[in-house]
Amino acid sequence: MSNELENIPIRQELEVLQSGQKRTNPLANVFDGLVKFCRSRSMFMLHYCTGCGAIELPPAMTSRFDMERLGIQPMVTPRQADILLITGYVSIKTLKRIILTYEQMGSPKYVIGICSCTVNGGMYWQSYATAKVLRDYLPVDVYIAGCMPRPEAVISGLRELMEDISSGRAESWKKYYQHYDYYLGNQQKLFGEDWQTPTDIIAEARHYDLMTEHTLGEHTALLEKHQKPLEALEMRLSVKDKQKV
Amino acid sequence: MTPLDQLLALSALTVVAVWLIGNRQVTGWNATILYAAQGVLLMMMSDLGYGEVQSIASSLTFKVLGHGLHWRFDGLSWFFALITIGAAFLASWFASGEWGQRYRAAGGSLRLFHVALALNVFSMLVLLASGDLLSLFIGWELVSWASFLIMALGSATATRYAMRYVTYAFAGAMAVLMALVMVYTRSGSFEFQDFRDAVPAMSSGSLWMIVILFVAGFGVKMALIPFHLWQAKAYAETPGPGAAFLGAISSRMGLFALVVVLVQLVGVERLADLQLVFPFFSARDLLSWLAVLTLIFATFTALRQHDARRLLAWHGIGQGGYMLLGVLIADDLGSAGGLMHVFNHATYQAVLFMTVTAVIHRTGTSDLNKLGGLVTRMPLSFVAMLIGIIGLAGLPPMNGFVSKWLLYRALIIDGSPLLFLGSVVGTLGTILSVYKLIHNTFLGQLRLEHVEVEEAPSSMIWPMMILSTIVFVTGYFPGLVLDWVASAQAAVGLPVLAHNLGGVPSHKGGLDMIWVVSVLLAGFGIGALVFFSGGRSKRVHQLDNYAGGHFLTAETRYQYSDNFYPGLMHLIGPWYRKSFRWLERGFVSTVDTLSQAMQGFYRVVHPSFYLLVAVVSALTWVVAR
Amino acid sequence: MNQLALLVALPLITAFLLPVVNRVSTLAARWLGPLVLLVTSAIGISLWSQLGDSAVAVELGGFRPPLGITLYADRLALLFALATSIGTLLLWPSRGEEWLRQSTLALILAASGSGLALSGDLFNIYVFYELVAVVSYGLIAARSSAGSFAATVRYLIVSSFGAALALTGIALVYQATGTLNLAQLSQLAPTHLNNLQGLAAFVLMLIGFGVKAELFPVNTWVPEVYATAPTRVSGLLAGVVSKLALLIIVRLLVLVFNQPEALTVMLVLGMLGVVTGELAAWRARDFNRMIAYSSIGQLGIMFIAFSIPGQAGVFAGLAVALHHLVVKPAMFLLAGRWQGSLDRLAGAARTSPLGAVLFILLALSLIGVPPLPGFWAKLLVMVNLMAQENTLYSVGAWVIMGGAALEANYLFRVASSFYHRSEQQTPPVAHRTRDLATASLLGAGLVAGAVLIMPLADEIEGVASQAANRDQYVQTVNPEALP
Amino acid sequence: MSPGELIIELFLMPLVAFVVGLGMVLMYRRIGARIQRRVGPPFFQPIYDIIKLYGKHTQISHGLIHEIGIIMAVGGYVAAETLLPVPGMSGLADKGGVVTLAYVMMIPSLGLALGVGQCANPNGSIGISRALTAMLAYDIPFILVIFGAAYVYGTTNLADIIAIQQQQGPGGWGIVQMPLLALAALLSLQGIMGKQPFEIYIAPAEIATGPMVEMSGKFMGGLFVMQCFQLYTVGVLYTTLFLGGGEYWLTFLPKIFSVVAIPMMIAFVFPRYRTEDVIRLLWKWPVLIALTGLAVVLR
């Protein structure tokens, strides 16, 4: 599975995309730069503490290392969060929730995989019940390896992400839309063909203008076959007085 | 014929005309047009409303058993009549379209409904026009029975609640009659003027008695504690537009009568002189506290309801407390607040009942636990309800705020912190309860079975929109209503409120709603600017919702509605002791026991024995004397 | 003015002729009774218009009092005589196997009732009273059921005891004064009867005559009898006969016993009547019993009203009595098809819409809802009660108010059940046209009374002022008696 | 005052409020950090947060009312600021007065409540239910305080209230004249600001920040803006009623910052109370204190 990922020319495409987005108005560029800077200096994280690695986060947050001086705050709902921290092994059941949560986060969003288990399954690589390689299912921005990584490592990983964001490299969230078929395929392999989340990724991809030829494919076709329509309930305004005959 | 004669005649004609047209779809439209015509006639008397004419008499006078009966309109009557006819006009309009069709198809008689409504209007106009105590009582009884008629139109349940009303109302009427007779004994006539002249000479004992009897009698109609039990259920079971009409104005007739008797005739100063056992608790204080307790109890009972109509009806009871309280403060601000609240309450209560009826019309239920998310399906109804609840909660920019502001200001000047606190507690309770109402009806998750629901028909939307516009406009320019209020104040001899179009100018803290509302609207504009400066928003489905990583399905409701304020109820829940219902039940069972005893007396088969006993005791009494 | 005697004689003679006529032609016999009553009513009405403000006394056979039989007609007496005739006519017993006996009895009732109203001396009053009583036993028992016999026997016993008491009272009066002529008694009363013996005589007569007037506590026969007797008879008893007994008591009060103690006794008994009657009615589960108890309450109000001293009391009492005279028979007519359990009445408005509306109208007037006549009558009573110095009278006012509140409750509980749509029960059958027509007539009278309240009130006030005028009575009967 | 000046004031007052409010948010977070012996966020952190939230690509909306709710939340406070006189600017103080202000201050929370309602998220609804309950709890002592102040000063016009206090110097300040009411107000301030121990309606771990559960991007950003206004408003209102208002910004700013600093400091050393305990506490002590204070001033 992981080999397939290598074949996807992510970097290249992203660069093309970014150059395409380059605006002509210099002020707008300044503004974009400001927003990018602010994004990097204000990261709200949702820590999905799936395994043992979570224990390293409190020291990173509290007085010893104090994440807040970097503008990083914990948040509790995916709606408010920018970073999804996945700490430790991911069982299949948990992975469903992770994907759901990830899809509910607002873009731009970043995923950090903490501990070796998220990289390659770590000590659980033989387990039948864990998803070994996280980035098969979600685009991961930063891995922080270690079993478990110390708070210093966590902080340094976060700093790396900050740099990526401010330099515009951390755009993996777009990949999810652009290669949705790929990710969905992997998800379907694990969860079965009727796998579905409430978030309509394809519609969102259209909304953000991130459709590529890889967005749709055989897996999304499978999805659309059984997907119940989940369009937003739009307001209906039609007043009429029906006169019954 | 004076204009008043014309109005009363047209009103009576409306009843007859509606009866003659019968159970047809056009009945409603005809009635609506006739109410509009009544409105036009009323407008021809608008000099009353602007204080240019003191009163317009009816040429109809009687002299029965030596008591003169006459009718006239003054500023106060005009003000109430305006609300009455307006409410009837819109309620009838509301009832004329699809609602009427459905009602008739379900076996209801539109003739009966519209006759009942027209009869209510007529009787209220008669009551408002009363020029002496006797005509007041006659009008009072007419109103009572007319509203009984409209309440009893519904199902057997409705009749049962209407029965309860009639029991209370007639007992109240008897109290009023008793008071009238006591007044007559002391003043020698049923004329207002003679009563007013006789008040200073009355002993405080008899005045207490008279005041208590009047309050008990008229208090039943306005559901003053402890006579409030009947109202909510009876109103809630009344057919929709009827409930809107009753909720808007019917109970206010009690206030009208109380204003006439207590303020105009007895005088609030005299009430303040009537001391109870303690030298610091007067009749006025007693009544004020009754008003505030009514407000608090009713509001917090409303908070516990899960049927939208009952919730509204309970609020109607509570809001009556504000009006009475305002009138009893009796300075220019307070009484203006109380009287203006009558108008304001009529507007938003009517619109609220109408929206709830529209929701029932479309979904078939008013159970707050079975609704939700209708805002996307009935947006205009939502707007109407939103405006209505802001008015009911008394927040700017709607008109409910202005009247409450006047009341608060008066209480501050008066220096009554506890009454002030009580009325604020009522407002806060109202906010809690109306949020629950709108949340459980229009917000939250849309149920599967309501996905195909449509907006209410135009015959319903129009009256709702008109009323919400009134609620907003009279909040923006309260001076429009305060003009009428001022002449009503003048009519009953209260100090007249100095006002302008925007509210009350005062160097000690006035109110200018034009500025406040404008700045609020501008604030919303800036808020919108700030908001829309962000990126384009993406609408998502209601099931795309954070649930702690849980997958939501339409089958499982993801909505929070039942027991909406658990924390609060955890604390104050035990305070709901149903004491008044116990009181009522205790009273009923006492009557029942006595009744049983009396039947036992009549069932005993020794009549001759009674005869003997009667003779012996009577003769013993004779001899013993 | 000798037509006055016809009011009594005509029905009486017809009653005895009726079996004879029946031999000749059944049809004629059937129509003779109503016809005669129509004639007497017409005579009464013509007399009424002749009478004006004056009163008239007729000595039958030309004997002067105290020897002769005196008929005295002022407007009050005439009114009640007329009410008896018209009432009997309207409530003419229904057809059936027993029609001949019923018609005869009804005619005798009309005759003796008129006689009772017109009599000018106590002895005749007693005689007519007994006659009325005997006739009513016969009428009540007409249904020939066990319950009806039991009720009749009970009624008979109480009534006879009552009559005996009344007779004792009359004897006491005679013993003290040596005359039974009311006019003479009226002159002698201040000197001879204003003592213990007089009061005792009054009490005995009050209780004696009170049996018919449904006075507490000698009214225990009422619910049973009204529940078992034919409804028209009940209407007649409750509507007309009770008022006749009341009339006697009023006459006695006005002319003979106007000491305050007598009034107090009446007031207290009246209040007790209201309290017990209304309370008992509240729990009644049977239509007839309910209106029977209600009738006890209403009669109680009349006793309270008449206990107000002076013309005011007579006026107030008269107003209530006349109102009740119209309403109660109409109610009993409606009971014709509605008798029995109240639960059975659910949905009755479907089969008898007019009946339901009439019932509501009657109930509204009964509890005193303006602008119906009942309200004005009640107002009159209340105003006059409160005007009295004695606090007992204000208690009476409170009692009436409370009673009315209770009455509104139970009457409208029934009224609203008419409109229930109950699926399990079949509503009672529609009213007989004759019953309904008569009741509608009475209802229409009620509405007319509401419309014409002003002239009506003046008229009744005139009647009352005449009735309360002792001097006129004495002068008319015995012109030379007064200085 | 010319209409032009007034218009400028009306624009300037919310702007000033926002800027000062940003400072207060920063202070709040710095106080928290210091109490927990942390460094705390950088100086511009509140601005970073707001810009970032507005700059999010995804702005998840549950419908129009959801959006209007945020507009009302911000707009209500913008309007409220114009009713609050500050040094040199009276705005509309004479048009509304303190009672109006108290009610206008409820509009944002109700707007928010509406918006949250449409999200169809029970966590949000529970949060609102708790927030409204808390409002019932803290508004009772607060309204008693307002009553007392308006009664003592004899006016509801806030500009007049300031003038009365300033005429008499610090001795005439409300806190000296009616210390008990000032104390009660301080206690209810804790509730109005929704800080610990009265922040059960947010309860992140239990109901996922309650009302804010579905707020992303600019929705959340709007709420951050609202928080700035809120802190500012309560600070200024308290200062106006009890600390003599402000004659100069130089004296005014320390006053308002120190007023809001007190609840903030309390907040970080307390856990949270359950809803019923919030009511019980706020209905007991602050109300008792306020009533005693009223009895003193009304005597």
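Hydrogens, waters and symmetry mates are skipped; everything else that's a heavy atom, side chains included, is used. The chains referred to below are lettered A, B, ... by the order of the sequence lines, with proteins before strands, and numbering in each begins at 1.
In this structure a side-chain-to-backbone donor-acceptor pair under 3.5 Å is present from D/Asn121 to B/Tyr546. Panel note: side chain D/Glu214, backbone B/Asn545; no donor-acceptor pair is recorded below 3.5 Å.
Listed by chain and number, the residues in a side-chain contact (heavy atoms from CB on, under 4.5 Å) with D/Leu281 are D/Phe198, D/Tyr273, D/Trp285 (sequence neighbours excluded).
Looking at B/Ile514, neither its backbone nor its side chain comes within 4.5 Å of chain D, counting heavy atoms on both sides. Looking at B/Phe420, only its side chain comes within 4.5 Å of chain D, counting heavy atoms on both sides. Of the atoms belonging to B/Ser561, not a single heavy atom falls under 4.5 Å from chain D. Looking at B/Phe442, neither its backbone nor its side chain comes within 4.5 Å of chain D, counting heavy atoms on both sides.
How far CG of D/Leu291 is from CG of B/Leu418: 6.5 Å, rounded to the nearest 0.5 Å. Between D/Ile107 atom CD1 and B/Leu395 atom CG the span is 6.0 Å, to the nearest 0.5 Å. How far CG of B/Leu571 is from CZ of D/Arg274: 10.5 Å, rounded to the nearest 0.5 Å. With rounding to the nearest 0.5 Å, the separation of CD1 in B/Ile390 from CG in D/Leu110 is 8.0 Å.
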Side-chain atoms of residues 126-139 of chain D: list all donor-acceptor pairs with protein atoms under 3.5 Å, sequence neighbours left out, distances to 0.1 Å.
from: D/Ser129; atom 1: OG; to: B/Phe564; atom 2: O; distance (Å): 2.9
from: D/Arg130; atom 1: NH1; to: D/Ile200; atom 2: O; distance (Å): 3.1
from: D/Arg130; atom 1: NH1; to: D/Glu206; atom 2: OE1; distance (Å): 3.1
from: D/Arg130; atom 1: NH2; to: D/Glu206; atom 2: OE2; distance (Å): 2.7
from: D/Thr133; atom 1: OG1; to: D/Ser129; atom 2: O; distance (Å): 2.5

Per-pair distances, 0.1 Å, donor-acceptor, side chain in residues 519-526 of chain B, under 3.5 Å, sequence neighbours excluded:
none

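Between D/Glu67 and B/Phe531, the closest heavy-atom pair is CG-CZ, 3.5 Å. Residues B/Leu428 and D/Met106 share a closest heavy-atom pair of CD2-CE, 3.7 Å. Heavy-atom minimum distance, B/Tyr558 versus D/Pro122: CE2-CD, 3.1 Å.
The contact list for residues 408-417 of chain B toward chain D, using heavy atoms and a distance under 4.5 Å, reads B/Tyr408, B/Arg409, B/Leu411, B/Ile412, B/Ile413, B/Gly415, B/Ser416, B/Pro417 by residue number.
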